[in-house]
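Accompanying notes for the structure given below.
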Amino acid sequence: MYYRHRASIDALPGYRQGSPAPAVPGLNSYKISSNENPYPPLPGVLQTVSEQALGHLNRYPDMRGTRLVQRLARLHGVDPACIQLGCGSTEVITQLVDLVAGQGDQVVYPWRSFEAYPIIVTMAGATGVPVPLDKQGRHDIEAMIAAVNDHTRLVIVNNPNNPTATNVDRSQAERLLQALPADLPVLFDEAYIQFNDDPDRADGLSLMREHPNVIVARTFSKAYGLAGLRIGYAVAAEPIIAGMNKVALPFGVTDVAQTAAMASLDAQDRLAERVQALKQERARILAGLKGQGWKIPEPRANYYWLPLGQAASQADQRFRDAGLSVRTFPGEGIRITVGEREANDRVLEVCADLRRQGLPQDPIPD
């Protein structure tokens, strides 16, 4: 049946959630397609939620998230007016795009990158300007600068980049910011910042203190293990946050999510332990893959990228046959989450088999 709608939506691909673990007889299956934390919520979180939040689900949450906003402000050394909550970092990015861009405007972002970017931009009525990554799977900073024009209302930096797990370093970020107009907002999407151990990484919060046009998006979904509760936040100059608050979904962040986030912030030592354990497991996987002859971008997140090109779909089936769901981008590559040790061991087995059978990979220049 015909219905009136925006024609721009017709060409827009819907967001693809990571596929569930395939059922394979005789095998424990694993979902390593969504960059989820294999650990449960941090100690004390479930008990705190049960004691403090579940008993009053008949009430609306604090729409501003006052207690959590104040806690995050202290953590990052900013005024509470510089913090905005959202249903995951995806929603605060949506708020920002809705604030700055509309019909006739453009948003520049790297590509391949987070799949929600073109969806968010199109829903705002703006036009996305995807800038291809370089041959190492990194942001092409010079090309991003060249893509900016009088219609540009936002530039997005995804650091580390999803799905290639590559880092944007401080010098690259400074080059970008120095080349752009001082009043052009630049978003640093740092959903995986806790796993980015490059000593030269660009840190969005430090950049924001020097460049008032910088906005930082972070989340409790990944390192903190609260993906199912949907809570993230932005840090930015007060006028930007005030504008984002105007376009935010009313009562979007539940009291359960706010309470869980507060309790998670009380467990920073355990968070650090888990992040370190995942980074050590990532290093083990990377060493194994390199030993098999794989050339992949240095991963700075809780996932890594296999640049398989046209062989990606064929490899995807091999993983599924082994009881593993991975995130496959046909014609480009496969993103694999650092998961449970058994899952990671099985990944190495599948990858070794793919190498023995001569499955080609796209070359990654040194």
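Being a predicted model, the structure only gives us computed values, none of them experimental. Hydrogens, waters and symmetry mates are skipped; everything else that's a heavy atom, side chains included, is used.
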Show the numbers, then the answer: is there a side chain to side chain contact (heavy atoms under 4.5 Å, CB included) between Leu289 and Tyr304? CA-CA 11 Å; Leu289 292 174; Tyr304 48 98; 3.8 Å; yes
Residues pairing under ring pair (Phe, Tyr, Trp, His ring centres under 6.0 Å) where one sits in residues 306-362, two or more places apart or in two chains, turn out to be Trp305-Phe329
Test your reading of the model: is there a side-chain donor-acceptor pair from [X] to the backbone of [Y], 3.5 Å cut-off?
| X | Y | value |
| --- | --- | --- |
| Asp169 | Gln172 | yes |
| Gln258 | Asp62 | yes |
| Thr152 | Asn149 | yes |
| Arg138 | Lys135 | no |
| Asp105 | Gly102 | yes |
| Gln314 | Ala311 | no |
| His139 | Asn158 | yes |
| Arg71 | Leu265 | yes |
| Ser50 | Leu46 | no |

Practice problem: Determine, step by step, whether Asp197 and Arg282 satisfy the salt bridge (charged side-chain N to carboxylate O under 4.0 Å, His left out) criterion, reporting the C-alpha distance in whole Å, the side-chain angles of both residues, the deciding distance to 0.1 Å, and the verdict. | Solution: CA-CA 12 Å; Asp197 52 3; Arg282 181 183 69 189; 2.9 Å; yes
Is there a side-chain contact between [X] and [Y] (heavy atoms, below 4.5 Å)?
| X | Y | result |
| --- | --- | --- |
| Gln292 | Leu354 | no |
| Pro297 | Gln136 | no |
| Pro118 | Trp111 | yes |
| Arg284 | Arg341 | yes |
| Val214 | Leu187 | no |
| Thr166 | Asn159 | no |
| Asp183 | Asn213 | no |
| Thr328 | Val326 | yes |

Rounded distance (nearest 0.5 Å) linking atom [atom1] of [X] with atom [atom2] of [Y]:
| X | Y | atom1 | atom2 | answer |
| --- | --- | --- | --- | --- |
| Asp255 | Leu54 | CG | CG | 9.5 Å |
| Asp134 | Asp140 | CG | CG | 6.0 Å |
| Glu298 | Thr164 | CD | OG1 | 12.5 Å |
| Leu42 | Asp266 | CG | CG | 10.0 Å |
| Met208 | Leu177 | CE | CG | 12.5 Å |
| Tyr30 | Arg346 | OH | CZ | 6.0 Å |

Donor-acceptor pair between [X] and [Y] side chains, under 3.5 angstrom:
| X | Y | value |
| --- | --- | --- |
| Asn35 | Tyr192 | yes |
| Gln84 | Arg64 | yes |
| Glu340 | Asn344 | no |
| Arg230 | Ser221 | yes |
| Asn161 | Arg112 | no |
| Asn196 | Asn167 | yes |

For [X], does the [atom1] atom have more than 12 heavy-atom neighbours from other residues, nucleotides or ligands under 6.0 Å away?
| X | atom1 | result |
| --- | --- | --- |
| Glu210 | CD | yes |
| Arg209 | CZ | yes |
| Asn58 | CG | yes |
| Gln310 | CD | no |
| Gln47 | CD | no |

**OP:** Take Arg170 and Asp203, measure what salt bridge (charged side-chain N to carboxylate O under 4.0 Å, His left out) needs, and give me the verdict at the end.
**Re:** CA-CA 7 Å; Arg170 173 83 185 198; Asp203 180 81; over 6 Å; no
Contacts table for residues 233-254: side-chain donor-acceptor under 3.5 angstrom, sequence neighbours left out:
{"from": "Tyr233", "atom 1": "OH", "to": "His76", "atom 2": "NE2", "distance (Å)": "2.8"}
{"from": "Thr254", "atom 1": "OG1", "to": "Ala257", "atom 2": "N", "distance (Å)": "3.0"}

> What's the verdict on side chain to side chain contact (heavy atoms under 4.5 Å, CB included) for Trp294 and Leu308, showing C-alpha distance, side-chain angles and the deciding distance?
Replying inline: CA-CA 10 Å; Trp294 290 93; Leu308 287 160; 3.6 Å; yes
Let me check something: do [X] and [Y] share a hydrophobic cluster, defined by ILVMFWY side-chain heavy atoms less than 4.5 Å apart, either directly or through other members?
| X | Y | value |
| --- | --- | --- |
| Leu133 | Val186 | no |
| Met63 | Leu57 | no |
| Ile193 | Val78 | no |

| request: Determine the interplanar angle of the Phe114 and Tyr117 rings, folded into 0 to 90°, and report it as parallel if under 30°, tilted if 30 to 60°, perpendicular if over 60°. | output: perpendicular
Minimum heavy-atom distance between [X] and [Y], given as atom pair plus value:
| X | Y | value |
| --- | --- | --- |
| Val69 | Pro80 | CG1-O, 3.4 Å |
| Val100 | Pro185 | CG1-CG, 4.2 Å |
| Ala173 | Val168 | N-CG1, 4.2 Å |
| Ser313 | Pro330 | OG-CB, 3.8 Å |

message = Salt bridge check, Glu36 against Lys222: does any charged N sit closer than 4.0 Å to a carboxylate O?
response = no
inquiry  = Is there a side chain to side chain contact (heavy atoms under 4.5 Å, CB included) between Gln95 and Val92? Walk through the geometry before answering.
reply    = CA-CA 5 Å; Gln95 294 171 11; Val92 295; 4.2 Å; yes
Paired with Met144, the side-chain contact (heavy atoms from CB on, under 4.5 Å) test is passed by just one of Leu180, Ile156, Val131, namely Val131
*Check the pair Arg318 / Asp353 against side chain to side chain contact (heavy atoms under 4.5 Å, CB included), numbers first and verdict last.*
CA-CA 9 Å; Arg318 304 283 183 85; Asp353 185 58; 3.8 Å; yes
